[in-house]
Each structure stands twice: as structure tokens, then as C-alpha cells.
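Structure first, commentary second.
Computed over heavy atoms, backbone and side chain alike; hydrogens, waters and symmetry mates excluded.
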Amino acid sequence: MSQQISLPAKLINGGIAGIVGVTCVFPIDLAKTRLQNQRPGQQVYKSMIDCLIKTVRSEGYFGMYRGAAVNLTLVTPEKAIKLAANDFFRHHLSKDGRGLSVYKEMLAGCAAGMCQVIVTTPMEMLKIQMQDAGRLAAQQRKPGIIPPNRLATPNTVLSRSYNVVPNASPRATSATQIARELLHTQGIQGLYKGLGATLLRDVPFSIVYFPLFANLNKLGKPSPEDAAPFYWSFISGCGAGSIAAVAVNPCDVVKTRLQSLNKGANEETYSGIIDCFSKILKREGPSAFLKGAACRALVIAPLFGIVQVMYFVGVGEFIMSQSPLKLISD
């Protein structure tokens with residue numbers, strides 16, 4: 001008989017793992033967003049380290065966590081939905097508790113990726129506006145950058161949210177304010193700008209990640225019936241996460257560009273996924289689709305490593321049923 005799964009426990013595991021993981025890697029995610037949004041001839045940052053150093057100098061230590069509040073608020077349901085949905089579909093695709101074929105593992109991952117975009121799209125939409133504000137301000141302060149009166153037409157939704165005066169620190173803004181203005185001016189679809197690009201990134205990511213993790217994790221099991229040690233689950237999560245992250249990075253670049261509402265000097269606008277892809281390819285070359293790939297791998301690897309450890313330890317099961325934590329009982 002197949003073992004029943006506890007969805008509430010899986011939701012708790014995913015939520016806790018998301019909060020811990022995001023807190024640890026958010027500065028790298030901020031660097032990823034800013035590097036992906038840079039255009040040729042307007043580079044403010046040379047690398048991830050250069051971006052983080054300049055961010056701390058101009059915005060202070062907490063500048064590295066710009067947009068973290070919305071991410072921490074929404075990452076709990078986002079990660080919970082993704083991981084719990086994958087477990088749910090794997091459970092129903094398996095027969096009599098037997099292992100899944102690679103095809104069924106990919107199918108379960110695909111379904112999980114489609115479920116998570118309900119939360120992922122608005123979360124990423126708001127986070128990117130917050131993360132990219134410092135890059136736009138730094139670009140305008142940089143000598144040789146076109147003055148504000150020649151900037152691309154600012155988005156009216158964000159015109160009151162961002163301070164675009166040169167040589168001034170970016171004014172504090174809130175994700176709540178941006179969300180309210182988007183809802184007021186564009187309705188719910190305003191928060192779901194870039195939904196297609198998010199699906200294009202997250203569905204392939206899940207198709208690659210979940211089967212890869214499952215098969216890597218099997219290598220660390222003492223026997224088919226036993227669970228792999230927690231450290232092996234961490235390594236498997238890191239390895240599968242980094243590979244999947246780099247594989248879908250071109251889709252992440254397109255998604256980031258489409259969801260950036262406010263544009264800097266001479267930064268083009270895009271009418272959709274195909275238009276964005278073709279313009280990037282034509283004007284910046286194929287290498288542009290690898291922008292931020294190293295940062296994204298560094299973000300995703302520990303994030304999903306932490307996720308798998310949380311699942312191994314069974315925090316959610318402990319909270320729901322008071323069963324002992326695996327690390328303690330072992």
C-alpha cells in the first residue's frame with residue numbers, strides 16, 4: 001500500500017525552507033537582477049562582487065535586502081505550493097508505492113511548476129521593481145549617462161515610487177505601494193505581467209530539477225528502502241538546483257526584462273516574449289542570455305539544498321503530529 005502524504009506538513013516544510021533559504025541568499029539574487037537588467041554601454045556593475053560592494057557603499061548593508069520583505073512574505077506559499085504539489089503529483093502517479101519513471105517524474109515536476117506561478121509571478125514582479133531601483137539611480141549618477149530628460153519614458157505606475165533625480169539616493173518605496181498602483185491602474189493583470197515568461201522559466205526548471213534531484217539522492221541511499229543521509233540530500237539539492245538554474249537562465253533574463261516596469265537611459269521596451277528574445281539577441285548577442293547565470297546558480301543551489309534538508313528533518317511532520325525530528329531521533 002502506498003504511504004499517505006500529509007499536505008499540511010509538506011506546506012510547512014516548504015515554507016520554512018523558503019524563508020531560511022531566501023534570507024541566506026537574497027543579496028546574490030539582488031545582484032543577479034541588476035546584472036541581468038544592464039545593457040551594453042551602460043554597465044554600472046562589472047560582476048557580482050562589484051555589484052554587492054557598490055550596493056553596500058551607496059545604499060548601506062540593508063540595501064542588499066531591497067525587496068526582501070515581499071519575497072519573504074510570498075516565498076512561504078510559493079515554495080510550499082511548488083514542493084507540496086510535486087509530492088502530491090508524485091504520490092498519485094506512483095503505483096503501489098513503487099518508484100516513478102523519469103517521464104512521470106518530469107510530469108510531476110511540470111505540474112508543480114505550473115501551480116507555483118500563481119504566487120511566483122506577482123512575487124517576482126514586485127521584487128524586481130525593488131531590486132532594480134538602486135541600479136537605475138546608480139546609472140543616472142554615473143558620468144556620461146544620458147541626463148534624466150532623455151531617459152526612456154518612465155512608467156506612470158512607478159513615477160511616484162522612484163526618485164530619479166541624479167546624485168540622490170533612491171527614495172524608499174514599498175512593494176505595497178507598487179502593488180496598489182498596479183491594481184488601481186491595470187487591475188489584477190498588472191501583477192501578472194510576465195506570466196508567460198515565468199511559466200517558460202519555472203516549468204522547465206521543475207522538469208529538470210525534481211527528476212535530477214530524485215536520481216542524485218538515490219545514489220546516497222544505503223539501500224532502496226532507506227532514506228539518504230541529510231548531508232547527501234543537501235548536496236543533491238544543491239547540485240540539481242544549480243544545473244536547473246543555469247539551464248533556464250535565458251528564460252530568467254527574458255522574464256526579468258519583461259517585468260522591469262521602470263527603464264533607464266536608452267533601455268528599450270518589449271511587447272512580449274518573442275519581441276524581448278529577438279531584441280536581446282540582436283542588440284546584445286547570445287551571451288546576454290547568460291547574464292546573472294553564476295549568481296542564479298549560487299542562489300538556487302543552497303536554497304534547494306536547504307529545502308531538501310528541511311524535508312529530511314521533517315519539521316512540518318513534527319509540528320503537525322509531534323513526531324520526532326529525524327536528526328534528533330538518529
Side-chain angles (χ1 to χ4, degrees), residues 1-18 21 77-120 198-248 251 297 300-318 320-321 323 326 330:
M1 181 179 295
S2 62
Q3 184 180 4
Q4 295 297 312
I5 63 170
S6 171
L7 278 180
K10 298 297 182 184
L11 291 170
I12 292 171
N13 284 335
I16 293 175
E78 189 259 352
K79 282 290 177 288
I81 290 171
K82 181 188 188 82
L83 297 162
N86 180 68
D87 276 355
F88 175 82
F89 290 116
R90 286 178 65 90
H91 175 73
H92 284 281
L93 286 170
S94 65
K95 294 181 179 180
D96 299 324
R98 291 181 294 179
L100 295 177
S101 66
V102 174
Y103 170 75
K104 288 186 176 181
E105 288 178 341
M106 294 173 69
L107 187 61
C110 175
M114 294 179 71
C115 290
Q116 77 170 91
V117 297
I118 297 170
V119 176
T120 304
T198 306
L199 277 167
L200 195 62
R201 181 198 68 173
D202 288 348
V203 170
F205 177 91
S206 296
I207 289 174
V208 173
Y209 172 78
F210 286 112
L212 185 56
F213 168 77
N215 285 279
L216 286 175
N217 204 41
K218 285 179 184 177
L219 299 177
K221 291 184 177 181
S223 67
E225 295 77 23
D226 295 328
F230 79 93
Y231 62 83
W232 189 264
S233 294
F234 178 81
I235 293 170
S236 299
C238 288
S242 59
I243 291 170
V246 173
V248 302
C251 301
I300 296 296
L303 180 58
F304 278 88
I306 292 168
V307 163
Q308 298 304 336
V309 169
M310 288 294 177
Y311 261 53
F312 177 90
V313 173
V315 177
E317 288 78 3
F318 174 75
M320 293 298 298
S321 63
S323 61
K326 289 185 181 179
D330 288 345

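- Contact detail for Val246 and Ala297: the closest heavy-atom pair is CG2-CB, 4.0 Å.
- Summarising the geometry, atom OG1 belonging to Thr198 is positioned 13.0 Å from atom CE belonging to Met114; distances are rounded to the nearest 0.5 Å.
- With rounding to the nearest 0.5 Å, the separation of NE2 in His92 from CG in Asp87 is 11.0 Å.
- Counting only residues at least two apart or in different chains, side chain to side chain donor-acceptor pair (under 3.5 Å) contacts with residues 239-248 are absent.
- Between Met106 and Ile207 there is a side-chain heavy-atom pair separated by less than 4.5 Å.
- The closest side-chain heavy-atom distance from Val208 to Val248 is not below 4.5 Å.
- In this structure, Lys82 NZ and Phe205 CZ are separated by 5.5 Å, a value rounded to the nearest 0.5 Å.
- To the nearest 0.5 Å, atom SG of residue Cys115 and atom CD1 of residue Ile81 are 7.5 Å apart.
- Taken from CZ in Phe213 to CD1 in Ile235, the straight-line distance is 11.5 Å, to the nearest 0.5 Å.
- Within the structure, the salt bridge (charged side-chain N to carboxylate O under 4.0 Å, His left out) test picks out the following pairs touching residues 105-116 (sequence neighbours left out): Arg90-Glu105.
- Two rings, from Phe304 and Tyr209, have their centers less than 6.0 Å apart.
- Scored by the ring-ring contact (aromatic ring centres under 6.0 Å, His included) test, Phe210 finds no partners at all (sequence neighbours excluded).
- With values rounded to the nearest 0.5 angstrom, Ser206 atom OG is found 11.5 Å from Phe89 atom CZ.
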